[in-house]
Amino acid sequence: MLACMRYSKLFIPTLRDDPADAEVVSHKLLLRAGYIRRVTSGVYDYLPLGLRVLRKIESVVRDEMNMAGAQELQMPMVQPGELWEKSGRMEKYGPELLRFKDRHGHESCLGPTHEEVICDLVSRELRSYKQLPMNLYQIQNKFRDEIRPRFGLMRGREFIMKDAYSFHADEDCLAAEYKNMFDAYCRIFTRFGLKFRPVEADTGSIGGSDSHEFHVLADSGEDLIAHCGACEYAANVEKAVSNRQAAVADQTELNMVDTPAVTSAEDVADFLSVDIALLLKTMVYRIIGGANDGSIVAVCVRGDDQVQEIKLAHVVGADSVEMATDAEIASIGGVTGFVGPQNLSSRILLDHSLEGATGLAAGANHQDAHVTGLDIARDITSAEFFDLRQTRTGDTCVHCGGDIALSRGIEVGQVFALGTRYTKPMEVLFQDQQGKRSVATMGCYGIGISRLMAAIVEQCNDDAGISWPLTLAPFSVGLISMGKSNAVLEASESIYSRLKEAGIDVLWDDRKERPGVKFKDFELIGLPFQIVVGDRGLNDGQVEAGWRKNERRPVPVADIVSVVMSELQPVEMEN
Ligand code: ATP
Ligand code: MG
């Protein structure tokens with residue numbers, strides 16, 4: 001890659017105003033500063049500046065993966081459908097998998113992830129335990145036909161991922177590699193200077209047992225993570241568990257009361273003048289996938305709680321759940337807006353926090369009516385209790401009793417201990433030490449390279465633009481020529497050459513633009529260190545130099561290379 005460039009020769013199409021369709025700051029800034037352009041929904045061009053940042057992200061990731069003992073390879077983006085049939089994911093993966101037929105009518109798909117392809121490869125080459133363990137990775141474009149691509153690079157349809165797959169002779173060896181990758185991920189995100197947090201995670205459609213996600217903390221994050229203020233516990237709310245004080249009231253007599261057109265939990269609590277915690281909210285769902293596909297279940301949580309649908313899906317053995325229609329609600333004896341847990345013909349699942357609760361208000365399964373004085377143990381037959389609610393602020397930690405708080409995060413990586421979820425159906429077999437044919441165990445480890453570029457900008461920006469950490473900036477130094485005099489041009493050219501010789505990547509703004517325009521562009525693009533060459537300073541043999549965030553100071557032209565080196569090197573060494 002060319003280390004140094006002149007601005008006049010580089011394709012940096014900056015925009016003065018925020019693009020109308022960009023909601024989050026990283027999307028706005030990456031478009032405005034000329035790093036990316038949209039091709040179609042969720043699909044982007046990486047322009048020269050954007051590509052330079054991606055390459056730097058990749059090089060840190062490669063470095064740490066190689067040091068952790070993984071080997072790089074490259075698999076294809078187009079994958080044969082048979083492999084997905086064999087793993088059993090052809091149906092399960094759903095519409096995110098972009099399927100097509102080639103000219104010979106063969107079912108094919110664009111790879112959203114590569115467990116099938118790597119298992120196929122390894123199954124054909126693996127013979128003996130002596131070849132294990134091994135960890136193979138690639139950095140490559142993925143395609144997922146996301147239902148709601150948004151926030152620019154954050155949730156694309158085509159995006160770049162580092163995906164690694166490890167194979168082992170036994171569970172202990174897998175556990176050791178899982179830890180090895182976990183530690184490598186911590187080093188990678190630390191080298192990027194990110195505020196991040198590893199959290200316990202649901203294994204989602206990939207499957208397996210153990211999993212952690214790595215989240216960059218940012219208000220724009222799509223994920224909610226729960227963490228304890230007193231101990232290390234942190235988990236995605238899709239998986240988080242927590243304790244809650246039970247809501248207790250005295251009233252024990254069951255009454256039906258009129259609540260004309262009052263349906264939402266908040267409105268019912270207001271209308272009946274009861275604490276919302278004493279309201280029982282009943283939601284009705286249809287099960288998607290699994291043995292009970294299509295059946296209807298009713299789920300109860302406290303009025304101030306939300307049903308956590310991923311937990312629910314696990315409880316009922318489903319791929320996912322969807323809200324039931326009015327007709328489906330009626331089919332189990334419910335009335336939309338006034339559903340309650342009594343006399344329903346479906347399974348009734350209640351959150352643990354309702355066990356033993358009394359004096360509750362709930363829907364009456366009658367139009368415009370609720371009941372009060374509900375006693376769970378007395379009034380609901382066939383109640384089943386599970387952890388079904390979403391953890392929230394105010395809960396307490398199940399490990400230490402500390403306070404749980406919620407933060408928003410951007411998932412930039414995830415590690416999975418898969419066990420034999422893929423190696424069994426894909427027949428990844430080897431001869432073990434006793435000469436027996438055994439199924440290999442497997443782990444997989446992903447990092448969203450292009451999503452990381454957006455996540456980094458979410459944490460590193462100010463009113464004027466992007467503020468890249470030195471390790472990731474497309475160029476370390478911006479050299480800005482102010483004015484068109486020969487003296488300025490000659491001094492700039494000489495500084496440019498000397499910096500280049502010293503191995504510093506510098507972007508020289510040699511354009512014939514007004515200083516105001518140049519300064520604006522440089523603030524927007526976000527290079528960490530700036531040198532400004534102007535007639536006034538040159539008269540005293542000086543230029544101005546400094547970090548983007550700080551004031552620039554005068555530096556003698558003769559010293560500029562050594563000043564830049566001494567400023568940059570300690571920062572680079574830290575990383
Ligand atoms: P999400 O929950 O955000 O949809 P995921 O859990 O489905 O992501 P993984 O299968 O764990 O994603 O993929 C590994 C990594 O790839 C993620 O941690 C994320 O950083 C990145 N990634 C996943 N989907 C996208 C996407 N649509 N656009 C950009 N990056 C993505
Ligand atoms: Mg994930």
Side-chain angles (χ1 to χ4, degrees), residues 24 26-27 30 36 38-44 46 50 54 57-58 61 65 89 92-98 110-116 118 137-165 178 181-182 184-185 188-189 192 194 196-208 210-218 220-225 235-239 309-310 313 319-320 408-418 421-422 443-458:
V24 296
S26 59
H27 190 193
L30 289 170
I36 58 168
R38 179 180 179 275
V39 178
T40 182
S41 171
V43 179
Y44 287 84
Y46 303 103
L54 278 180
I57 295 174
E58 288 172 11
V61 171
M65 290 303 290
R89 271 209 293 191
K92 275 216 153 187
Y93 211 90
E96 270 184 32
L97 184 66
L98 186 66
L110 283 186
T113 176
H114 279 66
E115 284 79 14
E116 282 76 4
I118 194 102
Y137 79 95
Q138 63 174 348
I139 296 180
Q140 192 225 25
N141 284 30
K142 301 281 184 252
F143 193 92
R144 294 182 184 178
D145 207 353
E146 299 270 358
I147 185 162
R148 237 171 270 110
R150 58 184 193 154
F151 301 160
L153 300 185
M154 211 81 95
R155 183 167 297 284
R157 291 197 301 154
E158 181 170 329
F159 59 97
I160 304 170
M161 198 202 286
K162 185 285 298 173
D163 44 327
Y165 306 89
Y178 185 88
M181 285 291 107
F182 186 99
Y185 276 33
I188 289 168
F189 300 126
F192 293 146
L194 288 167
F196 72 97
R197 182 138 199 181
V199 307
E200 291 178 15
D202 183 65
T203 51
S205 66
I206 297 234
D210 247 349
S211 183
H212 283 86
E213 290 167 349
F214 290 78
H215 284 268
V216 166
L217 304 177
S220 56
E222 288 185 282
D223 283 60
L224 263 182
I225 56 184
N236 193 310
V237 290
E238 294 172 357
K239 155 124 190 178
E309 295 180 359
I310 293 186
D319 293 339
S320 61
R408 294 221 152 257
I410 302 167
E411 182 199 323
V412 288
Q414 188 164 8
V415 293
F416 300 84
L418 295 170
R421 160 68 187 89
Y422 295 92
C444 75
Y445 319 92
I447 290 183
I449 300 284
S450 48
R451 181 181 283 183
L452 249 176
M453 179 148 117
I456 290 159
V457 176
E458 287 294 321

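Whatever order the structure lists them in is the order used to number ligands and atoms, beginning at 1.
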- prompt: With atoms numbered from 1 as shown, which atoms in ligand 1 lie under 4.0 angstrom from a non-hydrogen atom of G448?
  reply: 15 (C), 16 (O), 20 (O), 21 (C)
- line: All heavy atoms of I160 vs all of S450, minimum pair found to be N-OG, 3.0 Å
message: Taking only non-hydrogen atoms of S450, do any sit less than 4.0 angstrom from ligand 1?
response: no
query: Would you say G446 has any N or O atom under 3.5 Å from an N or O of ligand 1, going by distance alone?
result: no
- request: Considering only NZ, NE, NH1 and NH2 on the basic side and carboxylate oxygens on the acidic side, decide whether R89 and E115 come within less than 4.0 Å.
  value: yes
statement: Looking at E238, Q414, M161, H215, the heavy atom closest to atom 13 (O) of ligand 1 belongs to M161
message: E158: which residues meet the side chain to side chain donor-acceptor pair (under 3.5 Å) condition with it, sequence neighbours left out?
response: N141
Residue-ligand contact T113/ligand 1, heavy atom below 4.0 Å: no
query: What distance separates R157 CZ from E146 CD, expressed to the nearest 0.5 Å?
result: 9.5 Å
- request: Might you point out which heavy atoms bring M154 and A455 nearest each other, and give the distance in Å?
  value: SD-N, 4.4 Å
- request: Please report the shortest heavy-atom distance between D145 and P95, naming the atom on each side.
  value: CB-O, 3.6 Å
- request: Specify whether H27 and Y44 have parallel, tilted or perpendicular ring planes, treating 30° as the upper limit for parallel and 60° as the lower limit for perpendicular.
  value: perpendicular
- request: For M154, counting its heavy atoms only, list the atoms of ligand 1 lying under 4.0 Å from any of them.
  value: 28 (N), 29 (C)
query: Quick one: does ligand 1 sit under 4.0 Å from the side chain of D223, the backbone, both or neither, non-hydrogen atoms only?
result: neither
query: Which atoms of ligand 1 sit under 4.0 Å from any heavy atom of E146?
result: 24 (N), 26 (C), 27 (N)
message: Please verify the inter-ring angle class for H212 with F182; under 30° counts as parallel, over 60° as perpendicular, anything in between as tilted.
response: perpendicular
- request: For L153, counting its heavy atoms only, list the atoms of ligand 1 lying under 4.0 Å from any of them.
  value: 29 (C)
- prompt: Relative to each other, are the rings of F189 and Y185 parallel, tilted or perpendicular (30° and 60° limits)?
  reply: perpendicular
query: At a 4.0 Å cut-off, with the gap strictly under it, does some heavy atom of I160 reach an atom of ligand 1?
result: no
- request: Taking both backbone and side-chain atoms into account, decide whether E411 has an N/O/S atom under 2.8 Å from the Mg ion (ligand 2).
  value: yes
- prompt: With respect to atom 3 (O) of ligand 1, which of R144, R150, R155, E96 exhibits the smallest heavy-atom separation?
  reply: R155
query: Heavy-atom contacts under 4.0 Å between R451 and ligand 1: side chain, backbone, both, or neither?
result: side chain
